[in-house]
Amino acid sequence: MKLYLIPSPIGNLADMTYRAVKVLEEADLILAEDTRTSSVLLRHYQINKPVTPYHQHNEHKIVQHLLEQLQGGKSMAMLTDAGTPGVSDPGFLLVRECVRAGVPVECLPGATAFVPALVNSGIPLNRFIFEGFLPLKKGRHTLFTQLSTEERTIVFYESPMRLVKTLADLIQYFGADRPCSVSRELTKMFEENKRGTLQEVHDYFKEKGVKGEIVVVVQGAA
């Protein structure tokens with residue numbers, strides 16, 4: 001009886017750990033954010049186990065049923081599309097209910113996008129905050145106002161469709177000269193890490209265009 005949270009590669013399938021593969025092979029049931037995405041990973045490592053969808057649209061409906069199965073002695077392994085479950089992905093709700101019910105939960109170490117983006121940014125990382133995905137409208141102004149005086153390094157995820165607009169917003173609230181780094185397609189063939197001031201990085205992506213998964217790292221206020 002245990003729930004395992006399994007970090008999955010954010011791009012390169014070779015980043016899967018030996019232990020993660022072993023846990024998936026031994027689990028009674030695999031929970032997958034998108035069964036089509038996870039099937040690629042499972043086929044690659046020749047893992048043949050029952051898989052059921054677990055995502056933001058059904059987690060509230062099935063969480064009690066999953067908890068009952070865990071309490072009945074089953075072991076489950078949770079996979080999201082990329083990275084560590086619960087980090088800007090489904091996972092928190094089931095973990096919370098397991099903790100409340102006394103069901104053991106174990107999170108394996110492994111892939112997550114914001115850590116390599118932060119480490120290779122060249123921006124101080126002794127103190128940082130992670131904001132996940134920024135609000136699109138409601139609360140955006142308030143958040144940017146608060147973050148403009150934040151002294152710790154700021155890390156967040158962004159959609160490629162919104163990156164240029166977000167960088168423009170950051171220039172407005174933080175100033176054009178604030179150092180930043182944008183990491184794109186980490187671990188994949190076309191990985192890119194663009195470093196410079198907010199203005200320089202904004203102008204670069206405005207001219208070039210943006211594709212892929214994005215992590216933004218911004219230096220804190222002086």
Side-chain angles (χ1 to χ4, degrees), residues 5-17 20 33 79-92 95 107-136 139-140 143-206 208 210-222:
L5 307 177
I6 311 295
S8 54
I10 59 176
N12 191 324
L13 290 179
D15 288 338
M16 198 71 172
T17 68
E33 181 182 9
L79 288 170
T80 49
D81 292 348
T84 301
V87 182
S88 294
D89 274 326
F92 165 72
V95 170
C107 182
L108 276 62
T112 189
F114 78 82
V115 174
L118 175 62
V119 172
N120 73 33
S121 69
I123 293 172
L125 48 76
N126 57 317
R127 297 174 68 236
F128 66 90
I129 60 169
F130 174 63
E131 289 291 330
F133 284 97
L134 302 180
L136 300 182
R140 191 173 173 93
L143 178 62
F144 279 156
T145 300
Q146 292 173 345
L147 293 179
S148 66
T149 57
E150 171 60 61
E151 296 182 355
R152 293 167 292 183
T153 294
I154 303 160
V155 188
F156 61 89
Y157 294 152
E158 188 52 281
S159 158
M161 296 178 292
R162 294 191 296 268
L163 176 63
V164 172
K165 180 184 184 305
T166 294
L167 290 171
D169 289 342
L170 290 172
I171 290 170
Q172 177 183 347
Y173 286 88
F174 292 14
D177 295 331
R178 183 81 71 90
C180 77
S181 174
V182 171
S183 294
R184 185 180 68 83
E185 294 290 83
L186 286 165
T187 78
K188 301 177 184 177
M189 183 179 297
F190 299 105
E191 175 177 331
E192 179 180 27
N193 297 282
K194 179 61 179 175
R195 307 171 183 89
T197 65
L198 283 170
Q199 189 68 60
E200 290 168 344
V201 175
H202 168 272
D203 294 347
Y204 173 81
F205 282 110
K206 184 177 182 179
K208 178 185 177 181
V210 192
K211 292 182 179 180
E213 303 296 324
I214 305 294
V215 185
V216 181
V217 181
V218 183
Q219 186 165 307

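No more than 12 heavy atoms of other residues, nucleotides or ligands shown are found within 6.0 angstrom of NZ on Lys206. Within 6.0 Å of CD in Glu213 there are 12 or fewer heavy atoms belonging to other residues, nucleotides or ligands.
From Tyr173, atom OH reaches atom OG of Ser148 across 9.0 Å, with rounding to the nearest 0.5 Å. Residue Ile6 holds its CD1 atom at 4.5 Å from CG of Leu108, rounded to the nearest 0.5 Å. Rounded to the nearest 0.5 angstrom, Asp81 CG and Ile10 CD1 are separated by 13.0 Å. The structure places CZ of Arg162 at 11.0 Å from CD1 of Ile214, a figure rounded to the nearest 0.5 Å. Asn193 CG to Glu185 CD: the interatomic distance, rounded to the nearest 0.5 Å, is 11.5 Å.
With contacts defined as side-chain heavy-atom distances shorter than 4.5 Å, the pair Lys208/Glu192 qualifies. Contact of the Arg127 side chain with the Thr153 side chain is not registered, since no non-hydrogen atoms from C-beta on lie closer than 4.5 Å. When side chains are defined from C-beta on, Thr187 does not count as touching Pro9, because their heavy atoms never get closer than 4.5 Å. For the pair Pro160/Lys211, no side-chain contact is recorded, criterion being any heavy-atom separation below 4.5 Å from C-beta on.
Side-chain atoms of Thr84 come within 3.5 Å of backbone atoms of Ala111 as a donor-acceptor pair (strictly under, hydrogens ignored). At distances below 3.5 Å, at least one donor-acceptor pair connects side-chain atoms of Arg178 with backbone N or O atoms of Gln219. Ser8 places a side-chain N or O within donor-acceptor distance of the main-chain N or O of Thr80, the cut-off being under 3.5 Å. The backbone N or O of Ser181 sits nowhere less than 3.5 Å from a side-chain atom of Arg195 that would complete a donor-acceptor pair.
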Let's go through Asn120 and Leu186 carefully: what are the C-alpha distance in whole Å and the side-chain angles of both, what is the deciding distance for side-chain contact (heavy atoms from CB on, under 4.5 Å) to 0.1 Å, and is it a yes or a no? CA-CA 11 Å; Asn120 73 33; Leu186 286 165; 4.1 Å; yes
Evaluation steps, side-chain contact (heavy atoms from CB on, under 4.5 Å), between Phe144 and Leu134: CA-CA 9 Å; Phe144 279 156; Leu134 302 180; 3.7 Å; yes
Does the side-chain contact (heavy atoms from CB on, under 4.5 Å) test come out yes or no for Thr166 and Val216, once each step is laid out? CA-CA 10 Å; Thr166 294; Val216 181; 6.0 Å; no
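Between Gly196 and Glu200, the closest heavy-atom pair is CA-OE1, 3.4 Å. Considering all non-hydrogen atoms of both residues, Pro7 and Leu5 come closest at CD-O, 3.5 Å. The two residues Val182 and Val201 make their nearest non-hydrogen contact at CG2-CG1, 3.6 Å. Heavy atoms only, all atoms of each residue included: Ile154 and Leu147 are closest at CD1-O, 3.7 Å. When every heavy atom of Thr17 is checked against every heavy atom of Pro109, the shortest pair comes out as CG2-O, 4.2 Å. Pairing each heavy atom of Leu163 with each of Val210, the nearest pair is CD2-CG1, 3.8 Å.
Using a 30° and 60° split on the angle between ring planes, Phe130 and Tyr157 fall in the perpendicular class, above 60°.
Taking the six-membered ring for Trp and the full ring otherwise, the centers of Phe156 and Phe114 sit at least 6.0 Å from each other.
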